[in-house]
Amino acid sequence: MKSLVIVESPAKARTISKILGKDFTVKASVGHIKDLPAKEMGIDIENNFTPNYIVIPGKEKVIKELKKASNDAEEIYIAPDPDREGEAIAWHIADEVKGKTKKIYRIKFNEITRSAVLESMQNPGEIDMQKVDAQQARRILDRLVGYELSPLLWRKVRRGLSAGRVQSVAVRLVVEREREVEAFKQEEYWSINAEFEGSRKPQFWAKLFKFNEQKVDIKNADGANSVVENLKNSRYLLTKIERKKRRRMPSPPFITSTLQQEASRKLRFTAKKTMMMAQQLYEGIELGEEGSVGLITYMRTDSNRIAAEAQQAAREFIEKAYGKAYIPEKPPFYKSKASAQEAHEAIRPTYLNYSHEAIKHYLSKDQSSLYKLIWNRFIASQMSPAEIEQTTFIIEDRGQGLGVSAQSPISNPQSQYEFRASGSVVKFQGFMVLYTEGTDEILDENEALLPALKEGETLRLLHLEPKQHFTQPPPRYTEATLVKTLEEKGIGRPSTYAAILSTIQDRKYVHKTDGKFAPTELGIVVNDMLVERFAELMDIGFTAGMEENLDHIEDGKKKWVKVVRDFYGPFHEKLRNAKMPSLLKVKRRLQRL
DNA sequence: CAGTGAGCGAGCTTCCGCTTGACTT
């Protein structure tokens, strides 16, 4: 008789089946199998918030198969992902599958490698009810808040609208950024660049940095012109050369949020497209005679962890391809953020023998470019830091030179103006041979190649170039920056970032022009309505507070019913007493769209 | 008598998070 192992994902089931061999049947639950009913609240609020879980429509077949396989099995191992949601899935599966006598084991795979899977099988445990309860509190609170607020919007604004802990905070971010943009007052300022020549070529540009020990602050053309007049006939001295060695560290391997950001910046993919391409690479690509191969690890993750085997393989690859200098003595360790649930590894290529060059004919153009991005980022993350020498010239004026003879140019020590020029030379490329992270901001253009001069040299002024600038408003969110912000604030999970972007657009709360998000009139009206009455609910702090309480449930310090009651009570009270703006008023405002 | 319209009731919309196909455009 075989043993049964149940995991969440069918792709994972195939991999684990290969590892465990023919004594084991491996089945997948394909995510959650039970949930609250979609058509009603499904929570008995009066009766300790008792949830009414039902089989998710369409999942009957899966459950039937799991039951049948359980009856045929000698031992049952339930192995959903080792995180909060996974524990709840395990609990629901156990409830469906438990027989009279058979013992059910909970096992956790932290990574899907041969050694890790076999080791986990040797250490079976129990379902962690505290973790399950934390998930229940999360689920029930999200349902209560979402399903009580949304009908309010149907009545007051428009049918089909919705509000919730995650989407409404996302909309609020966009609305508030727009207000900052509107409130922004553009200010004029000027910069002055100068071209100098020393005892050796090349000539170089430097930027006016200080005036009388103060940072340069020129407001208008008149100011700029008068400074230029002063500078024109001065003598200049290279008073100091600063040399700094800097190490630049590679970025950690991808997690979902950073993959979506980089694919947006470098490949112009939407979050949705990125996830679709990644899913295809994960599930497997036909590679001619090799058959179907899963090319990357799981793409919905918030962990930077890398399997020891993969790390070792990367080091061997790097040494062979680039040489010993390119591997650091100790493999780097990248810390995950505190709230990460560490259910999966970081996103990396599964097999380093499939380079993107080697298999590019089997991939679509988009699959190929995403695979290359993941490949390079992972390999680079295991390489040595780059070494960069940064040189800064500090240049000071020595007055007008009137009455100072050419033989003693340094006789006037009174300096008013200080210029700076900086240039960097890459001494050792390290990981930068392969990969550098994209950026949302405009890079400093003031990086130049500097000549080999000596401290104390006099310099000849060749050109002066005053330039007009204007201060810029804070940038509107793009998909990349909004996902980044959501992730940093702990709003939403890897499996939902792309969906959140779709939801707030589908509801017409925000729209995208030129790849940038701005709120619609509807979005502003709904946001203000919600924020006015439920400020704390529409705030990042709400999720943070909830998260902290979920931790306490997992620690056994709090009961889940108490947590739900403490959050729900004040909210519901407020909802009951909320004097919402009259229907007429809201409608009139919306007519002006 | 037929046609019109006021008034009423029923049914619909919704959350977040986990996973893939099975559908349609």
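In what follows, chains carry the letters A, B, and so on, assigned in the order in which the sequence lines appear, proteins first and then strands, with residues in each chain numbered from 1.
- For the pair A/Tyr509 OH and B/dT13 P, the interatomic distance rounds to 16 Å; values are reported in whole Å.
- Nucleic acid contact for A/Ala499: none, since no nucleic acid atom lies under 4.0 Å from a heavy atom of the residue.
- Nearer to the 5' terminus of DNA chain B, by closest-nucleotide assignment, is the contact made by A/Tyr147 (compared with the other of A/Tyr147 and A/Lys34).
- Which of B/dC15, B/dT13, B/dT19 sits closest to the side chain of A/Ser150 comes down to B/dC15.
- Listed candidates were B/dT19, B/dG17, B/dC12. Nearest to the side chain of A/Asp35 is B/dG17.
- Using a 4.0 Å heavy-atom criterion, one finds that A/Tyr497 contacts no nucleic acid atom at all.
- You'll find the side chain of A/Phe269 stays beyond 4.5 Å of the side chain of A/Gln260, heavy atoms only.
- Comparing atom distances between the A/Val166 side chain and each of B/dC16, B/dT13, B/dT19 picks out B/dC16 as nearest.
- Here A/Thr496 reaches the OP1 or OP2 of B/dG17: one of its side-chain N or O atoms lies under 4.0 Å away.
- In terms of phosphate contacts, A/Arg493 brings no side-chain nitrogen or oxygen within less than 4.0 Å of OP1 or OP2 of B/dC16.
- Within the nucleic acid shown, A/Pro10 comes within 4.0 Å of sugar-phosphate atoms alone, with no base atom in reach, counting heavy atoms only.
- The aromatic rings of A/His356 and A/Trp375 sit perpendicular to each other, their planes meeting at more than 60°, with 30° as the lower class boundary.
- In this structure, A/Tyr298 and A/His344 have tilted ring planes: the angle between them lies in the 30° to 60° band.
- Remark: A/Met276 CE is loosely packed, at most 12 non-hydrogen atoms of other residues, nucleotides or ligands lying under 6.0 Å away.
- Of the candidates B/dT13, B/dC15, B/dT19, the closest approach to any side-chain atom of A/Ser162 belongs to B/dC15.
- Straight-line distance from the CH2 atom of A/Trp154 to the C1' atom of B/dT14: 4 Å, rounded to whole Å.
- For A/Gln167 and B/dT14, the CD to P distance is 10 Å, given to the nearest whole Å.
- When rounded to the nearest whole Å, the span between CG of A/Leu66 and C1' of B/dT19 equals 13 Å.
- Residue A/Arg507 places none of its side-chain N or O atoms closer than 4.0 Å to OP1 or OP2 of B/dT13.
- Between the CD1 atom of A/Ile63 and the C1' atom of B/dT20 there is a distance of 15 Å, rounded to whole Å.
- Cation-pi geometry between A/Arg507 and A/Tyr509 is not satisfied (NZ or CZ under 6.0 Å from the ring centre, within 45° of the ring normal).
- For B/dT20, the OP1/OP2 oxygens have a side-chain nitrogen or oxygen of A/Arg300 closer than 4.0 Å.
- Annotation: of the two residues near DNA chain B, A/Lys39 and A/Ile491, the 5′-most nearest-nucleotide partner is A/Lys39.
- Distance, A/Asp81 CG to B/dT19 P: 6 Å, rounded to whole Å.
- Looking at heavy-atom distances under 4.0 Å, A/Leu161 makes contact with sugar-phosphate atoms alone, never a base.
- Using a 4.0 Å heavy-atom criterion, one finds that A/Gly164 contacts the sugar-phosphate atoms exclusively.
- Side-chain atoms of A/Tyr298 lie closest to B/dT19 of the nucleotides B/dC12, B/dT19, B/dG17.
- Heavy atoms from other residues, nucleotides or ligands lying under 6.0 Å from CD of A/Glu40 number more than 12.
- No engagement by A/Val145 is indicated, since no non-hydrogen atom pair under 4.0 Å with the nucleic acid exists.
- Here A/Gly492 lies in heavy-atom contact (under 4.0 Å) with sugar-phosphate atoms only.
- Residue contacts for A/Glu148: at a heavy-atom cut-off of 4.0 Å it reaches no nucleic acid atom on any strand shown.
- None of A/Glu119, A/Glu345, A/Arg305 except one satisfies the side chain to side chain contact (heavy atoms under 4.5 Å, CB included) rule with A/Asn110; the exception is A/Arg305.
- Shown for residues 125-141 of chain A: residues whose heavy atoms fall under 4.0 angstrom of DNA chain B, namely A/Arg138, A/Arg139.
- Using a 4.0 Å heavy-atom cutoff across all strands shown, A/Arg143 reaches at least one base atom of the nucleic acid.
- If you measure from atom CG of A/Leu537 to atom C1' of B/dC15, you get 12 Å, rounded to the nearest angstrom.
- If you take CZ of A/Phe542 and P of B/dC16, they are 11 Å apart, rounded to a whole angstrom.
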| task | Please report the C-alpha distance between A/Phe49 and A/Tyr568 in whole Å, then the side-chain angles of each, then the deciding distance to 0.1 Å, and finally whether the ring pair (Phe, Tyr, Trp, His ring centres under 6.0 Å) criterion is met. | result | CA-CA 10 Å; A/Phe49 299 96; A/Tyr568 176 73; 5.7 Å; yes
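- The environment of NZ in A/Lys372 is sparse: at most 12 heavy-atom neighbours from other residues, nucleotides or ligands sit within 6.0 Å.
- Checking B/dC18, B/dC15, B/dC16 against the side-chain heavy atoms of A/Asp142 singles out B/dC16 as nearest.
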